[in-house]
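Report on the following structure.
Proteins come first, then strands; the chains are lettered A, B, ... in the order of their sequence lines, and each starts at number 1.
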Amino acid sequence: GENVEQHPSTLSVQEGDSAVIKCTYSDSASNYFPWYKQELGKGPQLIIDIRSNVGEKKDQRIAVTLNKTAKHFSLHITETQPEDSAVYFCAVSYNTDKLIFGTGTRLQVFP
Amino acid sequence: DVKVTQSSRYLVKRTGEKVFLECVQDMDHENMFWYRQDPGLGLRLIYFSYDVKMKEKGDIPEGYSVSREKKERFSLILESASTNQTSMYLCASSFLGVRVETQYFGPGTRLLVL
């Protein structure tokens with residue numbers, strides 16, 4: 001079955017710096033790649049997603065890039081702020097409503 | 001706004017007890033999911049339901065069962081709780097569309113089995 005690896009598991013950055021989280025997957029047929037953010041005491045919330053017909057998608061300070069050949073996709077956060085501190089999960093899916101999640105990245109943004 | 005609520009934020013049970021975790025969504029979503037979240041393991045799917053009375057096993061269904069008698073409610077049942085079921089349990093729902101849709105999560109139930 002599909003396997004999703006997420007790195008790094010923890011990431012500390014200074015406020016204003018950029019943060020990048022990368023996920024690799026095994027099933028080349030996967031075609032949906034969302035990113036979820038989980039703040040302390042809350043459930044995960046979708047922040048951005050990309051489908052396999054595009055290579056990059058941007059929404060203000062966050063962007064996702066997809067490399068289908070290499071089977072990896074990344075979350076990019078620019079100009080990080082303390083409120084970006086959270087756990088981030090990548091996920092993949094192939095023509096199904098079920099998602100396979102990565103193991104999560106704890107991002108800490110220091111003022 | 002989509003709202004997914006879970007019956008308890010924290011729960012303490014004893015080994016062997018039967019445990020019910022309830023989840024309710026208010027957006028008329030067809031799909032509902034139960035996940036468990038453990039450090040270093042991410043979110044793992046326990047069970048999935050795409051319609052009333054319909055269910056499908058996820059990746060780790062052993063020791064769990066589910067019930068979906070009404071569209072808005074999805075229950076997770078631990079028939080005989082064990083210590084290795086101590087975890088954070090997350091419920092989610094999504095619209096059944098032509099392609100994969102956003103999952104909306106509840107705040108989670110942290111279960112401790114003693």
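Proximity to chain A is limited to the side chain of B:Leu45, based on heavy atoms less than 4.5 angstrom apart. Only the side chain of A:Ile100 comes within contact range of chain B, judged by heavy atoms closer than 4.5 Å. In this structure, chain B has no heavy atom under 4.5 Å from any part of A:Ser9. Contact of B:Asp59 with chain A is made through the side chain alone, with heavy-atom distances under 4.5 Å. For chain B, the nearby part of A:Tyr36 is the side chain; its heavy atoms alone come within less than 4.5 Å. Only the side chain of B:Tyr35 comes within contact range of chain A, with at least one heavy atom under 4.5 Å from a heavy atom of that chain. For a residue to count as touching a neighbouring chain, one of its non-hydrogen atoms must lie under 4.5 Å from one of that chain's; by this rule B:Arg44 does not touch chain A. If you measure heavy-atom distances from A:Pro34 to chain B, you find no contacts under 4.5 Å at all. Residue B:Gln103 touches chain A through both its backbone and its side chain, counting heavy-atom pairs closer than 4.5 Å. For A:Gln6, no part sits under 4.5 Å from any heavy atom of chain B, backbone or side chain. For chain B, the nearby part of A:Arg51 is the side chain; its heavy atoms alone come within less than 4.5 Å.
Crowding of A:Gln45 atom CD: a count of heavy atoms from other residues, nucleotides or ligands under 6.0 Å not exceeding 12. In this structure, A:Gln14 places its CD atom where more than 12 heavy-atom neighbours from other residues, nucleotides or ligands lie under 6.0 Å away. The local environment of CG in B:Leu114 is crowded, with over 12 non-hydrogen atoms from other residues, nucleotides or ligands closer than 6.0 Å. Heavy atoms from other residues, nucleotides or ligands lying under 6.0 Å from NZ of A:Lys68 number more than 12. For A:Glu79, the CD atom sits in a loose shell: 12 or fewer heavy atoms of surrounding residues, nucleotides or ligands are nearer than 6.0 Å.
Using a 4.5 Å heavy-atom cutoff, the side chains of A:Asp97 and B:Glu56 are not in contact.
B:Tyr64 and B:Trp34 fall within a single hydrophobic cluster, where Ile, Leu, Val, Met, Phe, Trp and Tyr side chains are chained together by heavy-atom contacts under 4.5 Å. Transitive grouping of hydrophobic side chains (ILVMFWY, heavy atoms separated by less than 4.5 Å) brings B:Ile60 and B:Leu111 into a common cluster. Each of A:Phe101 and A:Phe73 belongs to its own hydrophobic cluster when Ile, Leu, Val, Met, Phe, Trp and Tyr are linked at side-chain heavy-atom distances under 4.5 angstrom. Following chains of ILVMFWY side-chain contacts shorter than 4.5 Å, one cannot reach A:Leu46 starting from A:Ile62, and the two form parts of different hydrophobic clusters. The hydrophobic clustering, which links ILVMFWY residues whose side-chain heavy atoms are closer than 4.5 Å, places B:Leu78 and B:Phe74 together.
Atom CG of A:Leu99 sits about 8.0 Å away from atom OG of B:Ser94, to the nearest 0.5 Å. Atom CZ of B:Phe33 is separated from atom NZ of A:Lys98 by 9.0 Å, given to the nearest 0.5 angstrom.
Of the listed residues (B:Leu96, B:Thr102, B:Asp38), the one with the most heavy-atom contacts under 4.5 Å to chain A is B:Thr102.
The heavy-atom pair separating B:Leu43 from A:Pro44 by the smallest distance is CD2-CG, 4.1 Å. Taking both residues in full, the closest heavy atoms of B:Val100 and A:Ser93 are given as CG2-OG, 3.5 Å, listed atom of the first, atom of the second, then distance. The two residues A:Gly43 and B:Leu90 have their closest heavy-atom pair at CA-CD2, 4.2 Å.
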